Number of protein chains: 2
Amino acid sequence: MTARRGGLPTMHDVGRLAQVSAMTVSRVLKNDPGVSTATRERVFAAVDRLGYRRNQTARSLRLGGSGMIGLVVTNLANPFYSRLALGVQEVATEYGFRVLLSNSGEQADREPELIDGLVDHQVEGLIVVPAGSRQQHLAAAMRHVPVVFAARPPAGLDTDCVLVEDFHGARQATARLLADGHTRVAFLGNPPALYTGAERLRGFWAAHEEVGVEPDNALIRQGLVDSAAAERATLDLLEQAERPTALFCTNNRISQGSIRALYKADTTLPVAGFDDFDLSDVLGLPLTLVSYDADEIGRQAARLLVDRLDHRDAEPPPSRRVTVPTRVVRRGSPDRG
Amino acid sequence: MTARRGGLPTMHDVGRLAQVSAMTVSRVLKNDPGVSTATRERVFAAVDRLGYRRNQTARSLRLGGSGMIGLVVTNLANPFYSRLALGVQEVATEYGFRVLLSNSGEQADREPELIDGLVDHQVEGLIVVPAGSRQQHLAAAMRHVPVVFAARPPAGLDTDCVLVEDFHGARQATARLLADGHTRVAFLGNPPALYTGAERLRGFWAAHEEVGVEPDNALIRQGLVDSAAAERATLDLLEQAERPTALFCTNNRISQGSIRALYKADTTLPVAGFDDFDLSDVLGLPLTLVSYDADEIGRQAARLLVDRLDHRDAEPPPSRRVTVPTRVVRRGSPDRG
DNA sequence: CTGTTAGCGCATTCAC
DNA sequence: GTGAATGCGCTAACAG
């Protein structure tokens, strides 16, 4: 029963059946008041009979504007980004846009073709979590459509972006550990080339400076790309002569890797980390997590984009930077609260 | 610097700059051999200068076929579905398709408009995780494009689908608990109206019959829609006079809710459940999980769809049903392996 | 109230 | 090798 390519009914088909011109069908479908009730009903009947649907591709061509926005995330398998995507979805739908989704897999070299492909498909705007620091392709895309950066800032491009309080959150969580009396806090971080990596290290460092504790470089491990790397790094730290007495992890995967390492080593250490995650409260481990609403990053990014699209003919406003707040939560307190 | 609507260069613009007709530009861009090297170079130069990109909307209209497939999932925030989406992405990209994503939020009544919208956008095919059992709108969509069902089967529609071994997996995991000597296994399930809910209960039941144990109806709780509901149901079970000695949960969220309840009640019970999840191995709780590759469901669904699209002009093959295998894994064994 | 004309940007077909 | 005409499905602008 599946229609073959090209077999779809057109407005002319509907018109023929309803004994009117295609133009009248068009009017009926757009709820144009200037159509008699009788014809209107005949048209609707024909539409139903044929299962007719307006061809959005043709409309886009005619009207200009595809009704789509493009979203590029680095890793949809990470709950952080799937929630971000969900937030984008939510607002996009609200404003009548569809979302064309791409996943760069954190491979910066694949990103340009993904972006180009989305532009080819006439997306009216883009929301991008940039995978790398080379961003000329994004500058090129900005010649065509507005681009909003999410989770990571643009490098030298003048455009909107939505970030979390990376520095502040990291500083605050680290400060909690220090306030608890720790002086040997290990830092387990993602690649420092990433904005979030750098900012969160900065926050970690600042917290130390504020209380006059010198971070021990032997306890700083960066460039951890996944949970397994974090697990190895943590096990390594635990084998050192001078062990850390607490850990700070820069994201959910790293926290999870560290926790796995502690479990395997049958050790308990206080862990602080960026990103909350499922079951963090039932691990029986004192956790200090920087929590925030990942959906909200997507929502805000979509709002910034939609706002720009709504004012396309006006003078474009200066680029804006929105920050999604973080808050530090304590999880897995010994009293099983 | 962002282009205003309608300001994008066309083939004519490129042609004018390169002093050729639009037709020649078209030829160059499709690598048609019948163009002299000199003009070819002029055209490419003009393309670069203008930042020209072919308008995929116009191409779609002309060529028939948008190069997009639609994907509708019920809950992108659930890692299960975001991984499924990732699998779809992967295969779609491989075959040159883009993915137009929608999230039904498990609201069956929103699904029809989402589907219609995707069809309007001329998606060449659809992959759907149906939210409800009313599926006439999907039958309607099938008049336009092929539809592949994922994770849940079609109800009375003749079309491809990809499922996991719901019955088998549930039976096998339950059998493990029974083999361990349990005779009072509680069942914590999602709504039985959902295919997965019904099948997994069937598997649970079958495992009991096979060893001649009568399931206790007082231990069966269905209709749990989220983690919080599962937590409450579990706490309730624990307060019964005749407690269960083990739990079977029909999905990841339910398992997590049950685990949270056990944690709060400071109790340890063996838990079996469908779906593996992060950190399942470090909970210090004996878990028996039905594990499978969620990405693979998406990949297979995309392959079935692409295959149909590749043979649109031939006689459509009969509908196929693919099953993604499950395997039972033990997690959180006492020896911390 | 309804129909005709024209063109969105591109590629197929046919000329030269 | 290259260009001109034509139409994909739809709708704004103009008839009538």
Side-chain angles (χ1 to χ4, degrees), chain A residues 3-44 46-47 50-68 119-124 144, chain B residues 3-44 46-47 50-67 119-124 144-145:
Chain A
R4 310 284 168 69
R5 171 186 285 212
L8 301 188
T10 73
M11 276 194 177
H12 281 94
D13 299 328
V14 176
R16 190 169 335 114
L17 192 60
Q19 317 209 46
V20 294
S21 74
M23 194 57 238
T24 299
V25 178
S26 176
R27 289 203 182 89
V28 170
L29 262 37
K30 78 156 63 134
N31 270 321
D32 189 315
V35 182
S36 77
T37 314
T39 18
R40 184 191 247 38
E41 280 171 2
R42 286 212 315 286
V43 168
F44 276 131
V47 164
L50 297 176
Y52 173 78
R53 298 245 99 215
R54 275 196 294 200
N55 183 332
Q56 181 64 35
T57 299
R59 302 191 76 215
S60 302
L61 186 60
R62 182 66 236 248
L63 300 172
S66 62
M68 302 190 295
V119 170
D120 291 352
H121 276 276
Q122 304 296 110
V123 293
E124 299 189 39
H144 294 92
Chain B
R4 309 286 166 68
R5 170 188 285 211
L8 301 187
T10 73
M11 277 194 176
H12 280 94
D13 298 327
V14 176
R16 192 169 335 112
L17 192 60
Q19 316 209 45
V20 294
S21 72
M23 193 58 244
T24 300
V25 177
S26 177
R27 288 202 180 92
V28 170
L29 262 36
K30 78 156 66 132
N31 270 321
D32 189 314
V35 182
S36 76
T37 314
T39 34
R40 182 190 246 47
E41 280 171 1
R42 284 212 314 287
V43 168
F44 275 130
V47 164
L50 297 176
Y52 173 76
R53 299 244 98 217
R54 273 195 297 203
N55 183 331
Q56 181 64 34
T57 298
R59 303 191 77 216
S60 300
L61 186 59
R62 181 66 238 250
L63 300 171
S66 62
V119 170
D120 291 351
H121 276 277
Q122 302 297 110
V123 293
E124 299 190 41
H144 294 93
V145 294

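Quick caveat, the model's predicted, so the values are computed rather than measured. Note on naming: letters A, B, ... go to the chains in the order of the sequence lines (proteins, then strands), and numbering restarts at 1 for each one.
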Taking any heavy-atom pair under 4.0 Å as a contact, classify B/Ser60: base, sugar-phosphate, or nothing.
nothing

When you check the phosphate oxygens OP1 and OP2 of C/dC1, does a side-chain N or O of A/Thr39 lie under 4.0 Å from one of them?
no

Quickly work out the B/Leu29 CG to C/dG9 P distance and round it to whole Å.
16 Å

Does any donor-acceptor pair link the side chain of A/Arg27 with the base of C/dG3 at a separation under 3.5 Å?
yes

Touch check for A/Met23, heavy atoms < 4.0 angstrom, all strands: base, sugar-phosphate only, or nothing?
base

Given atom CG of B/Asp32 and atom C1' of D/dG1, what is their separation to the nearest angstrom?
10 Å

Interatomic distance, A/Arg27 atom CZ to A/Arg40 atom CZ [nearest 0.5 angstrom]:
11.5 Å

Whole angstroms only, please: what is the CD-P distance between A/Gln19 and C/dG3?
10 Å

Would you tell me if any nitrogen or oxygen in the side chain of B/Lys30 comes within less than 4.0 Å of OP1 or OP2 on C/dT12?
yes

If I take atom CD from residue B/Gln19 and atom CZ from residue B/Arg16, how far apart are they, to the nearest 0.5 angstrom?
11.5 Å

Nearest to the B/Ser36 side chain among C/dT2, D/dT2, D/dG9, which nucleotide is it?
D/dT2

Using whole Å, what does the distance between atom P of nucleotide C/dG9 and atom CG of A/Asp120 come to?
15 Å

Counting the atoms with a prime plus P, OP1 and OP2 as sugar-phosphate, which does A/Thr57 contact under 4.0 Å by heavy atoms, base, sugar-phosphate, or nothing?
nothing

With no hydrogens and no angle check, is any side-chain donor or acceptor of B/Arg42 less than 3.5 Å from a backbone partner on B/Ala18?
yes

Between A/Arg53 and B/Asp120, does any side-chain N to carboxylate O distance fall below 4.0 Å?
yes

Atom CE of B/Met11 and atom P of C/dC8 are separated, to the nearest Å, by 14 Å

Mapping B/Ala58 and B/Val35 to their closest nucleotides on DNA chain D, which lands nearer the 5' end?
B/Val35

Whole Å only: how far is the CZ atom of A/Arg16 from the C1' atom of C/dG3?
16 Å

Any side-chain N or O of A/Thr24 less than 4.0 Å from the OP1 or OP2 oxygen of C/dT2?
no

In Å and rounded to the nearest 0.5 Å, what is the CD to OG distance from B/Gln56 to A/Ser66?
11.5 Å

Are any of B/Ser21's side-chain N or O atoms less than 4.0 Å away from OP1 or OP2 of D/dA4?
no

Nearest whole angstrom, please: distance from the C1' of D/dC8 to the CG of A/Asn55.
9 Å

So for A/Arg62 and C/dG9, does any side-chain atom that can act as donor or acceptor lie under 3.5 Å from a complementary atom in the base?
no

Can you tell me how far P of C/dG9 sits from NE2 of A/His144, to the nearest Å?
13 Å

Base, sugar-phosphate alone, or nothing: which one does A/Arg54 contact when heavy atoms must sit under 4.0 Å apart?
sugar-phosphate

